[in-house]
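Okay, structure first, notes after.
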Amino acid sequence: MHGRSDVAGLVEHLNDRGFIHQISDPGLERMLEQQRTACYAGFDPSDSSLHLGHLIPIIGLMHFQRYGHRPIAVIGGATGMIGDPSGRDRERTLMSIDLIRSHERSIQRQLEHFLNFDDTETGAIMVNNYDWTHPYSYLDFLREIGKHFSVNTMISKESVRMRLESRDQGISYTEFSYQILQAFDFHHLWKTNGCKVQIGGSDQWGNITAGIDLNRRLGGEQLYGITFPLLMTASGRKFGKSEGNAVWLDPIRTKPYELFQYFIQTDDKDVIRFLKLFTFLDLKEIAELEILVRDEPQTREAQKILASEVTRLIHGEAGLQTADGSTRILFGDEPICNYTDSILNRVFSDTPSGNLPKEHLEQDLTVVNAMVASGMCGSKGEARRLVSSGGFYINNIRETDPTRILTVNDLASDTIMVLRSGKKRYFIIRFSG
RNA sequence: GGGGAGAUACCCAAGCGGCCAAAGGGGGCAGACUGUAAAUCUGUUGGCUGACGCCUUCGGAGGUUCGAAUCCUCCUCUCCCCA
């Protein structure tokens, strides 16, 4: 616990750090200063891992906890069975129940380590909306909850309207009903945990306000919502994508090293904004870094701190150490030689690789053949082009002769050869005896 | 149901009998410059080959021709207009 409940101004704090896109009601600020409440964010089990996009609501919850409120992480076991139409231009395919349940377990494990689940008043709790949605019968739900929703309002929500206007996609009754379920969650959490705040991405606005309205109709208190801005990078790409793929929190799917790299490559124009969002550094410290970015951008101090902080937050100190160690080998500019297999295996554990019998090194393995065998190049022509353009390296030493015969002297360790294309695309070949 | 337009490589898009492995742009991959940045400039972007060259590719199946992405027939799909 970081006892910060004495510090007023959570909303102001969040706003200064760039978390706030919309607030449902200006009264939120005063309410949060006058009472302890709970704040929830929902996480859909649509995949077996959370990704960087989920980090914003997670850190949002952490800020609430630091300011003396109880964070509630809601696993969308029920809503995940239905499919949120928000931000989707087409109907989703329903996932099997088994798959949803298994996703729930894995994202639950991921969420556990970001929040304190102690027994205090600000201890986080994790719940699954399946638990309170599932017992309802269809008829009871329609009578007790559905009656409070006007279809006229429901079809005016952005997520639904977009799909109604799209001629060929449309929207199923199932997805249309989604907002009712999420609204019911908010009401339920208010009733059972006194939760008065929901946070989420900007696409969640309609769902959040649906919950606020429902609670009012059922005679409950005034509830509040905050949405976060949609994060874009300065170059106009969606934040959290690397080569089109999501950057995952799961260390198997995205290695700590790759996560570290993702952030170290942050654009100067983005790095300060991201430091505010993804780290807990004081704004004062961040302001100093901002000056450094302006005066000495080449040191990339801000990027290094951002990458370290986020890697530590997600993968812990040990994860940061391996990421940092790998970075030194990969970007140290030294030839890679005289290493042990075990060190290189760790550094390159997620690197695409190929296997070859060790005898090939005694025969006629050419540079070009090695490039194709490792999977680095799809054809010999492509391999030759790469070498002649000067973008190919073996063990970090530029290789210029595509026909050279490789020998054991070209190994970086007992059995591993490290190939590199351009500045940072690595491939390795393991030579098995 | 009637009428029209179209389907080309990762994407968009030119080509409309041989000079087409197919213009141009985007994207990708490299190089230079840099800070593992941005911008810019350069090269490259079907396969095999050291190279001549050969092989596969222009929605699908046939056909005409010495020769077809280009012409003909049928089929499949997409879009637009009118009912």
Side-chain angles (χ1 to χ4, degrees), chain A residues 90 166-169 231-245 247 254-275 278 289-311 320 322-336 347-348 350-352 364-405 418-427:
Chain A
R90 57 192 331 160
S166 146
R167 274 176 86 179
D168 38 60
Q169 279 304 324
L231 269 200
M232 301 294 279
T233 64
S235 51
R237 275 188 273 275
K238 241 185 185 161
F239 166 79
K241 300 265 172 169
S242 171
E243 287 155 33
N245 302 312
V247 178
T254 300
K255 295 284 166 191
Y257 160 72
E258 292 173 293
L259 178 88
F260 186 88
Q261 282 297 312
Y262 179 81
F263 280 101
I264 209 122
Q265 288 171 30
T266 301
D267 194 309
D268 292 0
K269 295 193 205 68
D270 293 320
V271 69
I272 295 303
R273 194 159 51 104
F274 290 177
L275 279 167
F278 297 113
L289 286 168
E290 190 166 11
I291 292 170
L292 212 54
V293 171
R294 195 191 58 209
D295 296 344
E296 294 176 64
Q298 69 282 4
T299 63
R300 291 168 38 262
E301 209 46 51
Q303 278 90 341
K304 286 175 192 163
I305 290 173
L306 174 65
S308 302
E309 289 292 318
V310 178
T311 306
L320 174 59
T322 51
D324 194 49
S326 301
T327 295
R328 265 199 296 273
I329 292 182
L330 268 37
F331 293 95
D333 225 21
E334 301 278 306
I336 302 176
V347 170
F348 294 104
D350 55 323
T351 302
D364 53 358
L365 181 67
T366 60
V367 167
V368 163
N369 287 133
M371 293 168 81
V372 175
S374 70
M376 170 185 251
C377 293
S379 70
K380 293 183 183 181
E382 187 189 336
R384 259 185 232 104
R385 275 193 297 273
L386 180 60
V387 174
S388 60
S389 73
F392 177 66
Y393 302 78
I394 292 178
N395 303 329
N396 277 355
I397 302 162
R398 179 176 277 170
E399 180 61 59
T400 53
D401 179 7
T403 61
R404 208 186 109 219
I405 307 287
V418 182
L419 312 185
R420 189 179 107 208
S421 159
K423 288 193 168 92
K424 49 202 173 196
R425 272 175 65 231
Y426 281 88
F427 290 79

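Each chain gets a letter, A, B and so on, in the order the sequences are listed, and its residues count up from 1.
- Counting any heavy atom pair closer than 4.0 Å across all strands shown, Arg300(A) reaches a base atom.
- G1(B) is paired with C82(B) under the Watson-Crick or G-U wobble criterion, all donor-acceptor distances under 3.5 Å.
- Contacts of Gln303(A) with the nucleic acid, taken as non-hydrogen atoms under 4.0 Å apart, include base atoms.
- By the ring pair (Phe, Tyr, Trp, His ring centres under 6.0 Å) test, Phe427(A) is found to be paired with no residue, residues two or more places apart in sequence or in another chain being considered.
- Within the nucleic acid shown, Ser421(A) comes within 4.0 Å of sugar-phosphate atoms alone, with no base atom in reach, counting heavy atoms only.
- Of all nucleotides present, none satisfies the Watson-Crick or G-U wobble test against A13(B) with each distance under 3.5 Å.
- Closest to the side chain of Lys424(A), from the set U44(B), C48(B), A37(B), is A37(B).
- Using a 4.0 Å heavy-atom distance criterion, Glu296(A) is classed as making no nucleic acid contact.
- When each of Tyr393(A) and Gln298(A) is assigned the nucleotide of RNA chain B with its nearest heavy atom, Tyr393(A) is the one assigned upstream, toward the 5' end.
- Of all nucleotides listed (U34(B), G50(B), G47(B)), G50(B) comes nearest to the side chain of Arg384(A).
- Relative to the side chain of Gln265(A), the nucleotides A32(B), G35(B), U36(B) differ in distance, and U36(B) lies closest.
- Using a 4.0 Å heavy-atom distance criterion, Arg420(A) is classed as making no nucleic acid contact.
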